[in-house]
There are 2 protein chains.
Amino acid sequence: MAGDEKSSAFGDQAGSVELLWGGRERPSRGPKPALSLERITRTAIGLADTGGLGAVSMQRVAAELDFTKMSLYRYVPGKAELVALMIDTAMGEPPEPAGAAAGDWRGALRDWAQRLAAVFAQHPWLLSALVGPRVMGPNELGWTERALAALAGTGLTGGEQLDAVLVVSGHVRAIAQVSASMGVGGAPAKEPEAALSAALNELLVGRSERFPALSAALAGAAGGETREQAWEFGLERILDGLEAYAGRG
Amino acid sequence: MAGDEKSSAFGDQAGSVELLWGGRERPSRGPKPALSLERITRTAIGLADTGGLGAVSMQRVAAELDFTKMSLYRYVPGKAELVALMIDTAMGEPPEPAGAAAGDWRGALRDWAQRLAAVFAQHPWLLSALVGPRVMGPNELGWTERALAALAGTGLTGGEQLDAVLVVSGHVRAIAQVSASMGVGGAPAKEPEAALSAALNELLVGRSERFPALSAALAGAAGGETREQAWEFGLERILDGLEAYAGRG
DNA sequence: CAACAACTGTATCCGCCGGACACAGATCTG
DNA sequence: CAGATCTGTGTCCGGCGGATACAGTTGTTG
């Protein structure tokens with residue numbers, strides 16, 4: 001334990017924490033930087049939006065900016081930190097709460113979930129970027145803050161509020177994942193549920209006796225599926241459950 | 001459209017479909033294979049269990065088996081297909097339904113979710129492996145089958161049953177993700193919720209005025225959080241919502 | 001049995017990846 | 001101006017997934 005290293009729960013992620021949260025001031029000597037974190041991050045996001053996270057390499061980002069890849073390392077300690085920046089930038093400023101002031105927490109939370117789903121739809125690579133140990137950035141934390149604010153008047157305890165946000169955001173990701181599973185590369189399918197059904201049906205050809213419940217469910221869902229149904233059904237069930245609990249307590 | 005290529009919704013994933021679903025028979029001529037899909041897959045899973053998905057490379061899998069990496073390509077078309085096999089093998093045979101015969105769909109679904117969560121806890125890399133376009137294997141489909149079977153008597157339509165399973169499995173993944181976010185490499189933290197609270201608290205030091213609802217929620221959750229609370233709270237809310245809907249319809 | 005076809009495992013090679021390191025030129029401070 | 005400092009670059013490395021060509025082994029067929 002030598003030196004003045006700040007003791008922290010973020011082991012080898014100190015770089016990300018500093019980059020995401022710390023405003024590092026420009027040094028006074030030396031040439032002015034020709035690039036900026038902002039430009040680099042935006043460029044990387046652009047690549048990921050069109051070609052998925054796999055299309056983001058230091059080489060490609062640098063080439064897009066007409067620089068050498070090594071020049072990027074003057075701004076970012078490594079690729080992991082760049083991805084962390086991409087995440088927080090792509091999440092963007094959390095939206096203004098809708099209906100929270102009116103005490104309509106259910107509407108506010110539904111609205112929050114929809115806006116979050118829109119973010120995932122716009123940046124499908126976010127799903128894969130979010131897995132694994134990471135540091136939350138200010139925007140990501142801001143999203144959580146907004147959802148918690150909506151739940152403030154429900155009578156739920158602090159822990160329950162956190163848990164509720166986790167369930168809702170879990171549903172958002174689950175739906176986004178289904179969409180992403182059906183698409184190719186960075187572009188999700190337009191009608192995730194229909195595509196999912198089609199893929200399932202294809203797998204089930206000649207195997208219906210092995211998966212009877214699945215076959216029955218798919219047969220029953222035959223034509224009437226809207227692409228929005230899974231989203232709405234799940235979200236409303238979750239909100240129902242939360243409302244019942246809040247009303248009961 | 002030349003040749004006898006089977007028209008299918010699985011574009012470049014035909015290899016995975018064949019590997020996961022098709023029983024390819026041994027050719028009669030040539031030397032007997034010294035390896036097996038089974039051995040290769042198990043070895044890869046072992047590497048992933050201890051070092052995460054990033055620790056799985058063709059080189060390392062082959063080295064573990066004392067073979068050259070190129071020999072693996074005699075069994076598997078590419079790494080993507082190997083990962084698909086790892087997923088379906090790690091999922092394992094879906095569990096026997098518990099309480100389904102007794103008509104206790106809620107208990108059966110809760111049991112199903114718990115067993116699924118156990119799988120994710122044992123193979124944390126599954127989370128990252130499941131994102132993106134993929135083909136479902138027989139075991140994965142079997143898990144879905146079991147959940148649907150539990151919901152058969154609820155009166156939900158086929159589509160609603162599928163949606164319900166999606167919500168529950170989404171929650172399972174959400175909880176698994178929180179655990180994985182806190183751990184290092186392949187090993188998740190033992191007390192995910194406590195670690196999450198700690199990390200959040202650390203980020204919030206000196207920033208509580210910027211995230212008031214979050215600070216309040218964390219303060220309210222201070223000591224009393226059990227590591228199982230987020231899991232149970234979310235799952236029971238979802239089941240409540242489903243039960244209310246089923247009872248109403 | 002001999003010849004051949006089919007199959008397995010290997011060795012070599014390629015392009016791409018993230019990143020360490022040393023260095024030249026630009027810039028500010030004294 | 002002299003020295004310190006910072007930026008962008010060129011070079012190099014190990015590791016990755018994978019294509020290809022080839023030698024050795026095996027079953028089939030005349």
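Each chain gets a letter, A, B and so on, in the order the sequences are listed, and its residues count up from 1.
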Any side-chain heavy atom of A:Val172 sitting closer than 4.5 Å to one from A:Leu235? no

What does the B/S/- profile of nucleotides 22-30 of chain C look like, 5' to 3', with a 4.0 Å heavy-atom cutoff to protein? B---BBBS-

Specify the closest pair of heavy atoms between B:Arg210 and A:Trp21, including all atoms of both residues, with the distance to one decimal. NH1-CZ3, 4.1 Å

Could you tell me how far apart B:Leu82 (CG) and D:dG18 (C1') are, to the nearest whole angstrom? 14 Å

I need the minimum non-hydrogen distance between A:Ser128 and A:Val131, along with the two atoms involved. O-CG2, 3.1 Å

Do A:Asn139 side-chain atoms and A:Thr89 backbone N/O form a donor-acceptor pair below 3.5 Å? no

Which heavy atom in A:Ala90 sits nearest to a heavy atom in A:Ile45, and how many Å separate them? N-CD1, 3.9 Å

Base-contact (B) and sugar-phosphate-only (S) positions in nucleotides 11-21 of chain C, heavy-atom cut-off under 4.0 Å, - elsewhere: BB----SBBBB

Side-chain ion pair, B:Arg60 and B:Glu64, N-O less than 4.0 Å: no

Side chain to side chain contact (heavy atoms under 4.5 Å, CB included) between B:Met86 and B:Leu53, intermediate numbers included: CA-CA 10 Å; B:Met86 291 172 62; B:Leu53 205 56; 4.2 Å; yes

Side-chain ion pair, A:Glu140 and A:Arg134, N-O less than 4.0 Å: yes

Figure out the CZ/P separation between A:Phe67 and D:dG10, and round it to whole Å. 12 Å

B:Leu72 CG to D:dA19 C1', straight-line distance once rounded to whole Å: 15 Å

